[in-house]
Every structure is written in structure tokens, then in C-alpha cells.
Protein chains: 2
Amino acid sequence: MTKLISTIEQTGQCCPSVLASPLDAAQAADLARGFTALADPVRLRVLSILAASPDGEVCVCEFVGPLGKSQPTISHHVKILSEAGLVSGDRRGKWVWYSLNRERLAELRAALQPSG
Amino acid sequence: MTKLISTIEQTGQCCPSVLASPLDAAQAADLARGFTALADPVRLRVLSILAASPDGEVCVCEFVGPLGKSQPTISHHVKILSEAGLVSGDRRGKWVWYSLNRERLAELRAALQPSG
DNA sequence: CAATAACATTGACGAGAGTCGATGTATCCA
DNA sequence: TGGATACATCGACTCTCGTCAATGTTATTG
């Protein structure tokens, strides 16, 4: 807590940033987990399809064809994105509708933002 | 080329963005390579140390102690960052001074930027 | 209840990543 | 010329990741 306040005072930010000050091991591990979720072409395409969807929601079956991967593979990637906080799933009947978590994406973007 | 102009017209950006429009396989692969370079705590700490350095340059030997990794391991990570365009090395005598490539980092940040 | 559909989970496989000791290469100095 | 220093490369190991076939789970429908 003291460390968090110190970080805020030093950087003017609420989240660790790569460019603000040297990261300790824990901060670096947290950020690395986030970027790991972005470090796969299938997952990036899932996010981009979600972002481009008019109603902001896409069910899993709509990823399988366009991305050329099997249903278990898509399900695997969506789970990774979900655990990283980048997407959220909502079950309605047989379908699970996934939506983009733009706040989480903004956090990772902010970690690459210059401090000054 | 035609595709690039089309992308610029549609998105107002020069680089593929996750949030602008659905990524094709090649665009997604390119971005994934960039985020893969960021998806490791050691490499994030290397970048953060470079960003915090007063003169913007750090030689390899200054990473080894603080990061608690062997010299070959640090050299390996610096190479990955270099190949990803995120850092540049400059040999001066026995030392190799590495500096941060902020433009490349800005490109990856822009890929997470909302289009509207 | 049985059959179907959408999605998740499991198990297994090959490929790639992170790590370090040992070694190679380049540079400086005595 | 020889030794010492800084960094890169190699080889090997372990572990994780991406992938898919097979199977399980949940919900709808007849």
C-alpha cells in the first residue's frame, strides 16, 4: 500500500508502467501475463473480431470458421483471454456470448505509455 | 500497397490495430511477434531499466545483477528485444550499450488504441 | 426421455521458449 | 604476445504452448 502510493506519487499513474520506473519482479510478472495473452495471432484476431462486432458480442461458433481453427482450439484461446481479463462470457441458452473488456486493454496500453 | 492505402482510409492509421477492424492472419502474426517480445518479465524489466536510465543507455553487464539471471540469459533476452526492434545495441570498446527504441514501443501501443 | 447442438474439458503430441554451463569472439591493457 | 574483460553463441535440459481428436457438460427440442 505504501509502495502503491509511492508509485502513484512518482509516476502519476495507478498501474505499473514499463516506461515510468524500473519494474520489480512482481510488477513485471503481472504485466508479462497480460502481454502473453496478446502474444498469439489467433487471440489477437478474436479480439479484433469482437471489437468490430456491431453489438459488441460474438458467440464462439462465429470464430471457428473465419479463424480456421478447431472448436476446442478456439475455446482454449477464449479461455486464456478470459483469464487475462480481456474478454467476458455470458451464457444465453446454448450459446456463450463473448464481449471485449476495453478497460483491461487500456491498462495494458497504458503500461506502454511514456510517463513524461 | 492497395491494401495498405485501404487500411489507412478505413482506420486513419498507418499500422494494423486490434481495435480498428478484423485482422487478417498476416497482420495478426506481425503484431503477435511484437507482443511476444513483451511477454516475459525479464524483458519487461530490461525495457524499464533502459527507460529509466538518465542517458538512455545501459550496457549488458548492468542488467545481470539486478535481474538475477545469468549473463547468457540476459544476452538471449536482449537479442530477442533487438530482433523485435525494441532496442538497439552500439558497441564501444568492450561494452555494448543498448538503448530503447521508443518508436517501436509506440507502434505496439497504437495497436491497442481505439479507432474512434 | 432421447436426440441434437453449443461449448468446455481431457489427453496426447510436437514445437518452441527460458535457463544455464561451457565455449567462442572481440576488445583493451600490460 | 598473453591475459583479462564484456558479450555472444552453443548444447542440453526442462517446461510451457498451440493444436486436435475424443469425450464431457449444459441447454434446447422433439
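Reminder, nothing fancy here: chain letters follow the sequence lines and each chain counts from 1.
Contacts between chain B and DNA chain D, taken as any atom within less than 4.0 angstrom of a protein heavy atom, begin and end at D/dT5 to D/dT9.
Evaluation of the salt bridge (charged side-chain N to carboxylate O under 4.0 Å, His left out) test over residues 68-89 of chain A, restricted to residues two or more places apart or in two chains, returns none. The salt bridge (charged side-chain N to carboxylate O under 4.0 Å, His left out) contacts involving residues 26-54 of chain A comprise A/Asp30-A/Arg33, where partners must be two or more places apart or lie in separate chains. The salt bridge (charged side-chain N to carboxylate O under 4.0 Å, His left out) pairs that include a residue from residues 93-107 of chain A are A/Arg104-A/Glu107, where partners are two or more places apart or lie in different chains. Judged as a salt bridge (charged side-chain N to carboxylate O under 4.0 Å, His left out), the pairs with a partner in residues 48-62 of chain B (not counting sequence neighbours) are, in order, B/Glu57-B/Arg92.
Grouping the Ile, Leu, Val, Met, Phe, Trp and Tyr side chains by contacts below 4.5 angstrom, directly or via other members, places B/Tyr98 apart from B/Ile80.
With rounding to whole Å, B/Ile74 atom CD1 is found 9 Å from C/dC20 atom P.
The heavy-atom pair separating B/Ala51 from B/Leu100 by the smallest distance is CB-CD2, 3.8 Å.
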Open item on the list: Would A/Val18 and B/Leu38 count as a side-chain contact (heavy atoms from CB on, under 4.5 Å) here? Give the steps.
Closed with: CA-CA 10 Å; A/Val18 175; B/Leu38 298 178; over 6 Å; no
TODO: Decide side-chain contact (heavy atoms from CB on, under 4.5 Å) for B/Val46 and B/Val58; before the verdict, give the C-alpha distance in whole Å, the side-chain angles of both, and the deciding distance to 0.1 Å.
DONE: CA-CA 9 Å; B/Val46 165; B/Val58 178; over 6 Å; no
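At least one donor-acceptor pair under 3.5 Å links the side chain of B/Ser48 to the backbone N or O of A/Leu23.
Residues of residues 94-102 of chain B having a heavy atom closer than 4.0 Å to DNA chain D, listed by number: B/Lys94, B/Trp95, B/Val96, B/Tyr98. Within residues 28-35 of chain B, no residue approaches DNA chain C, by heavy-atom distance under 4.0 Å.
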What's touching nucleotides 14-19 of chain C from the protein side, N or O pairs under 3.5 Å?
unit_1: C/dG18; atom_1: OP1; unit_2: B/Asp40; atom_2: OD2; d: 3.4
unit_1: C/dG18; atom_1: OP1; unit_2: B/Arg43; atom_2: NH1; d: 3.2
unit_1: C/dG18; atom_1: OP1; unit_2: B/Arg43; atom_2: NH2; d: 3.0
unit_1: C/dG18; atom_1: OP2; unit_2: B/Arg43; atom_2: NH1; d: 3.3
unit_1: C/dT19; atom_1: OP1; unit_2: B/Lys69; atom_2: NZ; d: 3.0
unit_1: C/dT19; atom_1: OP2; unit_2: B/His77; atom_2: NE2; d: 2.3

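Taking Ile, Leu, Val, Met, Phe, Trp and Tyr as hydrophobic and joining them when side-chain heavy atoms fall under 4.5 Å apart, one finds B/Trp95 in a cluster with B/Trp97.
Counting atom types as modelled, A/Gln71 pairs a side-chain N or O with a base atom of C/dA8 as donor and acceptor under 3.5 Å.
Qualifying side-chain hydrogen bond (donor to acceptor under 3.5 Å, both in side chains) partners for A/Ser99, counting only residues two or more places apart in sequence or in other chains: none. Taking the side-chain contact (heavy atoms from CB on, under 4.5 Å) definition, one finds that B/Pro41 meets it with A/Ala28, A/Ala32, sequence neighbours left out. Remark: B/Thr36 pairs with no residue by the side-chain hydrogen bond (donor to acceptor under 3.5 Å, both in side chains) rule, at least two apart or across chains.
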